Peer 1: 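This is the structure, below, for whatever I ask next.
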Amino acid sequence: MIDCRQEAAVILTRLDPLFSKQWHCRYRIDVVNNQYGAEFNFFLDIRRKDHRERSIPLHTVKTTDLETLERVISAVQEGTQLTLNFVDFGQVRWPLSQRWIR
């Protein structure tokens, strides 16, 4: 069984040293549905003005259960106000809140 709070804590502790508030810099967390690996990957996407985009791996959650992922996401959102971008999810709703995954 996956502990959602612990998974979120790992993501937030790895995010903390990478997030430095800078001018003309955009930060975003990408959540990628890795269908072939049966897991969800978290990346920190950093875009600075006149620089290349960087994508830094944060953590991998080894499950395909959307309910577990929804709980991890809500715990991550409690710890940060960064924008979340969901990649390769298609037309799917969250199991608990019944909102579209966007």
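For the numbers below, each heavy atom of this structure counts, side chains included, while hydrogens, waters and symmetry mates do not. Because the structure is predicted, anything quoted here is derived from the model rather than measured.
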Peer 1: Considering non-hydrogen atoms only, spot the tightest contact between Pro95 and Glu67 and give its length.
Peer 2: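 Nearest heavy atoms, Pro95 then Glu67: CG-N, 3.5 Å.
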Peer 1: Show, in sequence, the C-alpha distance, side-chain angles and deciding distance for Arg99 and Glu70, and conclude whether the side chain to side chain contact (heavy atoms under 4.5 Å, CB included) test is met.
Peer 2: CA-CA 11 Å; Arg99 291 190 195 165; Glu70 186 175 8; over 6 Å; no
Peer 1: Between atom CD of Glu7 and atom NZ of Lys62, what is the distance when rounded to the nearest 0.5 Å?
Peer 2: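 Glu7 atom CD to Lys62 atom NZ measures 10.5 Å (nearest 0.5 Å).
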Peer 1: Hydrophobic cluster membership, with links at side-chain heavy-atom distances under 4.5 Å among I/L/V/M/F/W/Y: are Val31 and Leu12 in one?
Peer 2: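 Yes, Val31 and Leu12 fall within the same hydrophobic cluster.
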Peer 1: Do the rings of Phe40 and Phe89 sit parallel, tilted or perpendicular, given the 30° and 60° boundaries?
Peer 2: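 Plane angle under 30°, so parallel.
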Peer 1: Determine the minimum heavy-atom distance between Thr13 and Pro17, stating which atoms define it.
Peer 2: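 Minimum heavy-atom contact is O-CD, 3.1 Å.
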Peer 1: Measuring only between side-chain heavy atoms, which start at C-beta, is Asp65 closer than 4.5 Å to Ile2?
Peer 2: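 Answer no - side chains too far apart.
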Peer 1: Any chance you could measure Leu84, atom CG, to Phe42, atom CZ, to the nearest 0.5 Å?
Peer 2: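 Reported to 0.5 Å precision, the distance equals 8.0 Å.
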Peer 1: With rounding to the nearest 0.5 angstrom, report the CZ to NE2 distance, Arg14 to His59.
Peer 2: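 So the CZ of Arg14 and the NE2 of His59 are separated by 6.0 Å.
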Peer 1: Side-chain contact test, heavy atoms from C-beta onward, threshold under 4.5 Å: evaluate it for Ile73 versus Phe86 and give yes or no.
Peer 2: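 Ile73 reaches Phe86 side chain to side chain.
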Peer 1: Is there a path of hydrophobic side-chain contacts, each under 4.5 Å between heavy atoms of I/L/V/M/F/W/Y residues, joining Trp94 to Trp100?
Peer 2: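 Not linked; separate clusters.
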Peer 1: Rest of the hydrophobic cluster containing Val32 (Ile/Leu/Val/Met/Phe/Trp/Tyr, side-chain heavy atoms under 4.5 Å)?
Peer 2: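 Its cluster partners, ordered by chain and number, are Phe43, Val87.
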Peer 1: Sub-3.5 Å donor-acceptor pair from the side chain of Asn34 to the main-chain atoms of Glu39, do we have one?
Peer 2: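 A pair under 3.5 Å: no.
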Peer 1: Do Ile56 and Leu82 sit in one hydrophobic cluster, given that two such residues count as connected whenever their side-chain heavy atoms are within less than 4.5 Å of each other, even indirectly?
Peer 2: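 Looking at the clustering, Leu82 is in the same group as Ile56.
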Peer 1: Is it the case that atom CZ in Arg54 sees more than 12 heavy atoms from other parts of the structure closer than 6.0 Å?
Peer 2: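 Atom CZ in Arg54 is not packed in, count stays at 12 or less.
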Peer 1: Could you report the tightest heavy-atom contact between Arg5 and Glu78, atom names first, then the distance?
Peer 2: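 Smallest heavy-atom distance, with atoms named: NH1-OE1, 2.9 Å.
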Peer 1: Under the side-chain hydrogen bond (donor to acceptor under 3.5 Å, both in side chains) rule, collect the residues that match up with Lys49, sequence neighbours excluded.
Peer 2: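 Testing Lys49 for side-chain hydrogen bond (donor to acceptor under 3.5 Å, both in side chains), a comparison that skips the adjacent residues, returns none.
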Peer 1: A side-chain contact here means heavy atoms from C-beta on lying under 4.5 Å apart; do Val72 and Ile11 qualify?
Peer 2: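 Yes, close enough: below the 4.5 Å cut-off.
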Peer 1: State, yes or no, whether a side-chain contact exists between Ile101 and Leu66 at a heavy-atom distance under 4.5 Å.
Peer 2: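 Ile101 vs Leu66: side chains touch.
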Peer 1: Any non-hydrogen side-chain atom of Asp50 less than 4.5 Å from a side-chain atom of His24?
Peer 2: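 Contact flag for Asp50/His24 side chains = no.
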Peer 1: Is it the case that over 12 heavy atoms from other parts of the model lie below 6.0 angstrom from the CD atom of Gln6?
Peer 2: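 It does not: Gln6 CD has 12 such atoms or fewer within range.
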Peer 1: Using side-chain heavy atoms (C-beta onward) and a distance below 4.5 Å, is Asp45 in contact with Asn85?
Peer 2: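 Of all side-chain heavy-atom pairs linking Asn85 with Asp45, none is under 4.5 Å.
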Peer 1: How far apart are the closest heavy atoms of Ala8 and Val76, and which atoms are they?
Peer 2: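 Smallest interatomic distance, heavy atoms only, reads CB-CG2, 3.8 Å.
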Peer 1: Just verifying a value: how many Å separate Arg102 CZ and Gln91 CD, rounded to the nearest 0.5 Å?
Peer 2: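 Going from the CZ atom of Arg102 to the CD atom of Gln91 covers 7.0 Å.
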Peer 1: Group every Ile, Leu, Val, Met, Phe, Trp and Tyr by side-chain heavy-atom contacts under 4.5 Å, then state whether Val92 and Leu69 land in the same group.
Peer 2: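 Cluster IDs for Val92 and Leu69 match.
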Peer 1: Determine whether more than 12 heavy atoms belonging to other residues, nucleotides or ligands lie under 6.0 Å from atom CD of Gln81.
Peer 2: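 Atom CD in Gln81 is not packed in, count stays at 12 or less.
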Peer 1: Please examine the side chains of Ser20 and Tyr27, heavy atoms only from C-beta on, and report whether any two atoms are closer than 4.5 Å.
Peer 2: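 Side-chain contact under 4.5 Å: yes.
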Peer 1: In Å, rounded to the nearest 0.5 Å, how long is the span from OG of Ser55 to CD1 of Ile29?
Peer 2: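 Reported value, rounded in 0.5 Å steps: 11.5 Å.
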Peer 1: Might you point out which heavy atoms bring Ile46 and Leu18 nearest each other, and give the distance in Å?
Peer 2: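 Heavy atoms only, the tightest pair is CD1-O, 4.4 Å.
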Peer 1: A quick test of your reading: do over 12 heavy atoms of other residues, nucleotides or ligands sit less than 6.0 Å from CZ of Arg93?
Peer 2: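 Yes - once you tally the heavy atoms of other residues, nucleotides and ligands closer than 6.0 Å, there are more than 12.
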